[in-house]
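Note that these values count all heavy atoms, side chains included, but never hydrogens, waters or copies made by symmetry. Every chain is numbered from 1 and lettered A, B, ... according to where its sequence line falls, protein lines coming before strand lines.
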Amino acid sequence: MPEVKLACGQVVSVEEGASWADVAAAAGIEAVAALVDGELRDIRDPIQEGRTVKLLKLTDPESLDVLRHTAAHILAQAVRRLFPGVKLAIGPAISDGFYYDFDFPSPITREDLPRIEEEMKRIVAEDLPVERVFLPRAEAEELLKKEGEVYKLELLSEIPDERISFYRQGEFIDLCRGPHLPSTGLVRHFKLLDLAGAYWRGDATRVMLTRIYGTAFPSAEALEQHLKWREEARRRDHRRLGPELDLFSIHNDTIGAGLVLWHPKGARVRHEIETFWKERHFEGGYQLVYTPHIGRARLWQTSGHLDFYREGMYSPMDVEGQEFYIKPMNCPFHIAIYKSRTRSYRDLPIRYAELGTVYRYERSGVLHGLLRVRGFTQDDAHIICRPDQVEEEIQRVLRFALSLLRTFGFSEFSAHLSTRPAKFVGAPEDWDRATEALRRAIEAEGLDYDVKQGEGAFYGPKIDIDIEDSLRRAWQLTTIQFDFNLPERFDMTYVGEDGREHRPYMIHRALLGSLERFFGILIEHYGGAFPVWLAPVQAVVLPITEGQIPYAEEVAGKLAAAGIRVEAWTRGGKTLRYLIREAQLQKIPYMLVCGAREAGSGTAALRLRTGEDLGPQPIEGIISRIQAAIASRGPEL
RNA sequence: GCCCGUGUAGCUCAGUAGGUAGAGCAUCCCGCUGGUAAUGGGAAGGUCGUCGGUUCGACUCCGACCGCGGGCUCCA
């Protein structure tokens, strides 16, 4: 009798031709799926002898994808019942739930979602067994043709197998690789969330389908928690907090879409970021440069931007008969600085850094708050070095990037290494050397990363680091990329030890990415409650009655003299409760309450934005406490 | 750019079988001198996204356009 080993160590013997379900039955486990040597399998699949299997219960995190995939099928079944003539595309589980793409005969709206949800509940209540069926290719094709499932037919044509896997539940059958739960009755806790357009196969030249998003969980509590989290995420949205905290605004009707106004408070945060950034760059061996916003057409011809990046650039302007373009990147200017004199091998590495404002054309549909805009300031730098310095430079810059990001409170990164694409410039040996340097640097830092094979730019391999916004969407902040193109195009050289001209390596890098995007992510990361060193207003002094206004001003003056950003709220006519609520909503770290008692004793009652009331404190003590919090650049108040 | 949704006061929103609009907050004025998340009263504030059509009359119905939101796509 064949034997199978369970992850818990138990060995189970079963009949010849048994399935994982039989194993589960023998072991007395209520399993809904099987994890066979790390691979997710359908519980109905025949066993593979000698393998180690983890039998997954509905509540195991590994079965979440199976649950959601089945939920997607139930969605499709419900839609089929309600909308005759609908065509099915694909319906996978995704990180927070699932979706299914449909081609509806006539458009549906959000109002249709509750109806669909009701029908789904009915299908769950019917508790239909989910069966796996294999059809020979010809039969599969016939079935799909009969149903008019053109999208499924296209998918089928790309499946190499002769035995085609389908799943059937009640009257519904779908081309699908699985795995699925044993029955629809197990999908009890789900919700449809959104409706959106999506191109068939993600291809803008093909038809637009209707995508229905939903989510599903094994328990009502987990679903509830997820819905609460979505609510919380909405509250953290930088587009909501920006105006609420008076940080920035965007006016596409009067100023233009994707163009950001930094209000005094947002500008203050930006100033703190920039000051810190410059300090760290000077310490890190960078030299600061400033370059213009526009340049002649010939510059962009030489750089190749007009050939390869024209659709990202704005139309030229005419200056005394010469064409000028507003810059989409800073590199040609930095290169011009490099080339302004002859460079020796002794000068390298050279690291030019600039908070350079660039403008790029983005289609209106992709603009998104501060996270995707048309005018933005990159924290840009170009490192020009000798081949023998590449290794160390890459390690330095990556370590530098991570240390910056960590100071801003980020600790979870996802890194990507993009390698040589089919179309590329430069010598393969250079690519290999650069790619390996990048890989070793990531590994030396102990980062998790994935390799995007062939997804590097044509001019060089790169590392990208993504950070997520409040909805867990990943946005690229840090990018470190080699460039084997521009040094060639601009004929950059240095004189080597041998007295001859050599071609330097060039590395582009942006660490925070752009100040706009970084600020947006930062707002969401902190939910608007910035750490003390970044808070636009660090402390407010609140007089209880108008009698304490002079004292409040005196206290504020002492804090200001100690370098603390402080406001005295002395407009009068407001109760203490009112002022505290205002300060809380503005997420100001420290509130100094001054009533008659405090004025008489040279103290202030200190309240933190956490809600903690520390009672009367000597002013000097408050000042040193705040100064320590600023200097630490940490989250503590 | 494409699909769906949406657009009324600075903000959040209500409203009408078609007869040119209303609340709360914010703003300004007045009273209250208050002890840890909203003091009471009053005033001011809108060509109801824009343009066109239907109508005696449109914020309301129809069309087009623009903006915004959610996605897709693209991203040197």
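- Between A:Tyr338 and A:Phe490, the distance from one ring center to the other does not fall under 6.0 angstrom.
- With sequence neighbours excluded, the residues satisfying side chain to side chain donor-acceptor pair (under 3.5 Å) with A:Ser601 are A:Thr603.
- Remark: A:Arg473 is in phosphate contact with B:G71, judged by side-chain N or O atoms under 4.0 Å from OP1 or OP2.
- Taking only distance into account, the side chain of A:Arg360 never meets the base of B:C75 through a donor-acceptor pair shorter than 3.5 Å.
- Nearest heavy-atom pair across A:Lys191 and A:Leu227 is CD-CD1, 3.7 Å.
- A cation-pi contact, defined as under 6.0 Å to the ring centre and within 45° of the axis, links A:Lys327 to A:Phe333.
- A:His416 and A:Asp464 share no donor-acceptor pair across their side chains, judged by distance under 3.5 Å alone.
- Of the residues in residues 454-465 of chain A, those placing a heavy atom less than 4.0 Å from an atom of RNA chain B are A:Phe458, A:Tyr459, in numerical order.
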TODO: Using a 4.0 Å heavy-atom cut-off, write out nucleotides 26-39 of chain B from 5' to 3' as B (base contacted by protein), S (sugar-phosphate only) or - (no contact).
DONE: SSS---BBBBBBBB

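- Side-chain contact check for A:Gln481 and A:His508: no donor-acceptor pair (N or O, by modelled atom type) lies under 3.5 Å.
- Of the options A:Asp430, A:Ile383, A:Thr435, A:Val390, a side-chain contact (heavy atoms from CB on, under 4.5 Å) to A:Phe482 is made by A:Val390 and by none of the others.
- Residue contacts shown for A:Arg372 include a base, since a base heavy atom lies under 4.0 Å away.
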- [ ] Decide yes or no on side-chain contact (heavy atoms from CB on, under 4.5 Å) for A:Val566 and A:Gln538, but give the supporting numbers first.
- [x] CA-CA 6 Å; A:Val566 62; A:Gln538 294 165 321; over 6 Å; no

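- When the C1' atom is compared between B:U6 and B:G49, the two are found 11 Å apart, to the nearest whole Å.
- Residue A:Arg235 qualifies as enclosed at atom CZ: its count of foreign heavy atoms under 6.0 Å is above 12.
- Nearest-nucleotide positions on RNA chain B for A:Tyr213 and A:Asp307 put A:Tyr213 closer to the 5' end.
- Taking the six-membered ring for Trp, A:Tyr309 and A:Trp300 have ring centres at least 6.0 Å apart.
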Task: Heavy-atom protein contacts under 4.0 Å, nucleotides 2-9 of chain B, coded B base, S sugar-phosphate only, - none - done: BBSS----

Task: Watson-Crick and G-U pairing of RNA chain B written in dot-bracket, each distance under 3.5 angstrom, with | for inter-strand partners - done: (((((((..((((.....[..)))).(((((.......))))).....(((((..]....))))))))))))....

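- Judged as a side-chain hydrogen bond (donor to acceptor under 3.5 Å, both in side chains), the pairs with a partner in residues 568-583 of chain A (not counting sequence neighbours) are, in order, A:Glu567-A:Trp569.
- Looking at heavy-atom distances under 4.0 Å, A:His368 makes contact with sugar-phosphate atoms alone, never a base.
- The distance between the ring centers of A:Tyr99 and A:Tyr213 falls below 6.0 angstrom.
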